Student: 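Questions regarding the structure given below will be posed in turn.
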Amino acid sequence: MSVFVRLFLLPLTLCALKHEVVAKNERKNILFIMADDLRTSLGCYGDPVAKSPNIDQLASQSQVFLNAFAQQAVCGPSRTSMLTSRRPDTTRLYDFYSYWRVHAGNYTTLPQYLKSHGYHTMSVGKIFHPGIASNFTDDYPYSWSIPAYHPPSFQYEKHKVCKGADGELHANLLCAVNVSEQPGGTLPDLESTDEAVRLLTGRIKDAAPFFLAVGFHKPHIPFRIPQEYLSLFPLDKMTLAPDPDVPKLLPPVAYNPWADIRRRDDVQKLNVSFPYGPIPKDFQLRIRQHYYAAVSYMDAQVGRLLSELEKLGLANSTMVVFSSDHGWSLGEHGEWAKFSNFDVATRVPLILHVPGVTTVHKKKEQLTFPFIDVLNQPNASFKNHHEVKNIVELVDVFPTLSDLVGLRAPAPCPEVSFKKKLCTEGNNLAYTFEQEEMKVNPEAIAFSQYPRPADTPQENSDLPLLKDIKIMGYSLRTYDYRYTLWLGFNPATFRVNLTDIHAGELYMMADDPTQDHNIYNEIKQSVMMRKMANLPHTMSVQERMELLFRYFTAGMKV
């Protein structure tokens, strides 16, 4: 089929899909589930260690985007970017201490857009980052029909509630607990699931469609989780990261020194040197054990929520979205936490269930989302039937969901869009639900970025305040490469100095899937500087990087 014919048929395909999705109910409900700090450590993403049967079951009835990437690997900026469909350079949020509506532009959010079209919008748990980043209201009343709910027990998350080997309570990183002994006898994600079920129950007889966003706190640290989930991952079965050492050619500016990990009582006792460590191997194994256990615990809450959705008779009229704000390093490159541009920090699960479109037919009496107790069925497994390998981004979620529920997707943003309330810097992926992916598009790109205060790791390298940002690491990910430039940045003007290159990284994914062998220094720096200087000043950072990337990688991949 010619390019012209494909372009001609694309609008017809999108139109047909829209009619297919909204035929029975003009506007589907949306259950939007977001985990916190969840990398692709799930069975449905091929992780052999993970035990995530409820999310895997959802994936078997959904379209699974295998290569979805966040725009910045830290909570506040990523969540704001995803929900506004604007990149961090447009929201101007790189830390947690500004509200985009007054700091950058009065941008329309996904729930706000749905609310303006008759949706009843509700937020449970962590959706927007709380505090200044969402105006201390989770962006209510702009985004939500009712005030956002936060689980009361979350106030104890950083308190001394973890019983140590000495029998005393500590503020530990590793915090598997007896839930009955915790304040209130519960945990935040248990409370959030209960509240989400209560809200779903209240929507049964309401004719208005709903958008219910449920943000689970796990597997975010501390790993305060029910202790029984540790039994799923015996320590003698756990392994270290495949690349636990800091790569020799990793630029110091690219390294995150995991300061938030170091503050925990149990980690402080290890007396780990700053900035590179390493953490003792036995403790590394325990971190990995607790992370996977936290994922299984969170998976159980997803299972509870989905099974109740079905019991209430809402499954056939509700789209389900499952994702995360960003990933988390589990010792890869000698790093822990997020705060980097590597895949382990930026790649996230993205799973979309559209009733009647992605549903795999079962026997009439079979349920779509029966709850699976991982503690009793740890080896339950499912097959993905719809997968997309092409590179996509979290800024794509807003336009895609809008289209799938029968609303007009926001138009692409102009080059400068600070005064534009409604537009998208992502792509509408609705067409991918209509046609099988024939091959991977090597031209597809995801952009991520991360700020740093200096060229070498500092105490504030992980979370620099806006005023302290001196360098911005822009990272371009294609199916075959990851390419990163660390460029001079002025926090007062939000301007990047495109000729002030502090460091660079280039990884070839076919030969180096874990991104350990930086071949950037094979590029002649004088040529790089000259090319940067000669590009038109009107071009965005992303456009400039893409042109340079195409130039330097031409002919590299056989």
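On a predicted model such as this, the values are computed, not experimentally measured, just so you know.
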Student: So which atom in S402 and which in A409 form the shortest heavy-atom distance, rounded to 0.1 Å?
Tutor: CB-CA, 4.0 Å

Student: Under a 4.5 Å cut-off applied to non-hydrogen side-chain atoms, are V541 and M472 in contact?
Tutor: no

Student: List the atom of L394, the atom of S323, and the distance in Å for their closest heavy-atom pair.
Tutor: CD2-OG, 3.5 Å

Student: Show your reasoning for whether ring pair (Phe, Tyr, Trp, His ring centres under 6.0 Å) applies to Y450 and H326.
Tutor: CA-CA 12 Å; Y450 210 86; H326 44 71; 9.2 Å; no

Student: With no hydrogens and no angle check, just 3.5 Å: does a side-chain donor-acceptor pair link T80 and T91?
Tutor: no

Student: Measure the shortest side-chain to side-chain distance between L174 and I287 over non-hydrogen atoms and say whether it is less than 4.5 angstrom.
Tutor: yes

Student: Please list all pairs meeting ring-ring contact (aromatic ring centres under 6.0 Å, His included) that have one or both residues in residues 380-417, counting only residues at least two apart or in different chains.
Tutor: Y113-F398

Student: Could you tell me the separation between the CG atom of D95 and the CG atom of L463, rounded to the nearest 0.5 Å?
Tutor: 8.5 Å

Student: Minimum heavy-atom separation for Y99 to A133, with atom names?
Tutor: CD1-O, 3.7 Å

Student: Quick check: are there more than 12 heavy atoms from other residues, nucleotides or ligands sitting under 6.0 Å from CD of E436?
Tutor: no

Student: The criterion is salt bridge (charged side-chain N to carboxylate O under 4.0 Å, His left out); which residues satisfy it with R79, sequence neighbours excluded?
Tutor: D36, D325

Student: Going through the distances and angles, do Y140 and S123 end up as a side-chain contact (heavy atoms from CB on, under 4.5 Å)?
Tutor: CA-CA 10 Å; Y140 173 80; S123 174; over 6 Å; no

Student: Ignoring hydrogens and angles, state whether a donor on the side chain of N135 or Y142 is under 3.5 Å from an acceptor on the partner side chain.
Tutor: no

Student: Using side-chain contact (heavy atoms from CB on, under 4.5 Å), reason through L38 and V348 one step at a time and then give a plain yes or no.
Tutor: CA-CA 7 Å; L38 176 65; V348 295; over 6 Å; no

Student: I'd like to check L309 versus L200 (side-chain heavy atoms, cut-off strictly below 4.5 Å). Are they in contact?
Tutor: yes

Student: For the residue pair R264 and F223, would you count it as a cation-pi contact if the rule is NZ or CZ under 6.0 angstrom from the ring centre and within 45 degrees of the ring axis?
Tutor: no

Student: Report the distance from atom OG of S98 to atom CZ of R92, rounding to the nearest 0.5 Å.
Tutor: 10.5 Å

Student: Which residues pass the ring-ring contact (aromatic ring centres under 6.0 Å, His included) test with Y156, not counting sequence neighbours?
Tutor: H159

Student: Quick check for you: to the nearest 0.5 Å, what is the distance between Q542 atom CD and S475 atom OG?
Tutor: 11.5 Å

Student: When you check the gap from the basic side-chain N to the acidic O, do R101 and D139 get nearer than 4.0 Å?
Tutor: yes

Student: Could you tell me which residues satisfy side chain to side chain donor-acceptor pair (under 3.5 Å) with E387, sequence neighbours excluded, listed by chain and number?
Tutor: N384

Student: Please enumerate all residues that pass ring-ring contact (aromatic ring centres under 6.0 Å, His included) together with W144, with sequence neighbours excluded.
Tutor: none

Student: Not counting sequence neighbours, which residues clear side chain to side chain donor-acceptor pair (under 3.5 Å) with T318? List them please.
Tutor: N29

Student: Would you say Q449 and P451 make side-chain contact, with heavy atoms under 4.5 Å?
Tutor: no

Student: Salt bridge or not between R304 and D194? Use side-chain N to carboxylate O under 4.0 Å.
Tutor: yes

Student: Will you find, in the side chains of Q63 and T432, an N or O donor that is under 3.5 Å from an N or O acceptor?
Tutor: yes

Student: Would you please name every residue forming a ring-ring contact (aromatic ring centres under 6.0 Å, His included) with F128, sequence neighbours left out?
Tutor: W100

Student: Would you call V360 and S60 a side-chain contact if the rule is heavy atoms closer than 4.5 Å?
Tutor: no

Student: Considering only residues two or more places apart or on different chains, which pairs with a residue in residues 59-93 satisfy ring-ring contact (aromatic ring centres under 6.0 Å, His included)?
Tutor: none

Student: Atom CG in L401, atom CD1 in I30: separation rounded to 0.5 Å?
Tutor: 5.0 Å

Student: With no hydrogens and no angle check, do the side chains of D56 and S52 hold a donor and an acceptor under 3.5 Å apart?
Tutor: yes

Student: Return each pair, listed once, that meets side chain to side chain donor-acceptor pair (under 3.5 Å) where at least one residue sits in residues 195-213; pairs must be two or more places apart or across chains.
Tutor: E195-R198, R203-D206

Student: Can you list the residues that meet the ring-ring contact (aromatic ring centres under 6.0 Å, His included) rule with F136, with sequence neighbours excluded?
Tutor: none

Student: Let me see the working for E425 and T90 under side-chain hydrogen bond (donor to acceptor under 3.5 Å, both in side chains), right down to the final yes or no.
Tutor: CA-CA 9 Å; E425 293 181 341; T90 305; 2.8 Å; yes

Student: Could you check if a side-chain atom of L404 sits within less than 4.5 angstrom of a side-chain atom of K28, using non-hydrogen atoms only?
Tutor: no

Student: Any donor-acceptor pair under 3.5 Å linking the side-chain atoms of R224 with those of S153?
Tutor: no

Student: Can you tell me how far apart CZ (R347) and CZ (F342) are? Round to the nearest 0.5 Å.
Tutor: 15.5 Å

Student: Going by the side chain to side chain contact (heavy atoms under 4.5 Å, CB included) test, name the single residue among V320, I372, N54 that passes it with L306.
Tutor: V320

Student: When rounded to the nearest 0.5 angstrom, what distance separates CG in N316 from OG1 in T368?
Tutor: 6.5 Å

Student: Which pair of non-hydrogen atoms, one from L93 and one from Q72, has the smallest distance, and what is that distance?
Tutor: O-OE1, 3.9 Å

Student: Only one of T424, L429, N427 clears side chain to side chain contact (heavy atoms under 4.5 Å, CB included) with P399; which?
Tutor: T424

Student: With the side chain counted from C-beta on, respond yes when S85 and L110 share a heavy-atom pair under 4.5 Å apart, and no when they do not.
Tutor: no

Student: What pairs meet the ring-ring contact (aromatic ring centres under 6.0 Å, His included) rule with one or both residues in residues 77-97, with sequence neighbours excluded?
Tutor: Y94-F489, F96-H129

Student: Enumerate donor-acceptor pairs with a distance under 3.5 Å from any side-chain N or O in residues 210-222 to protein atoms, sequence neighbours excluded.
Tutor:
unit_1: K218; atom_1: NZ; unit_2: E157; atom_2: OE2; d: 2.4
unit_1: K218; atom_1: NZ; unit_2: H220; atom_2: O; d: 3.0
unit_1: K218; atom_1: NZ; unit_2: P222; atom_2: O; d: 2.8
unit_1: H220; atom_1: NE2; unit_2: K338; atom_2: NZ; d: 3.4

Student: Going by heavy atoms in the side chains, are E191 and P152 under 4.5 Å from each other?
Tutor: yes

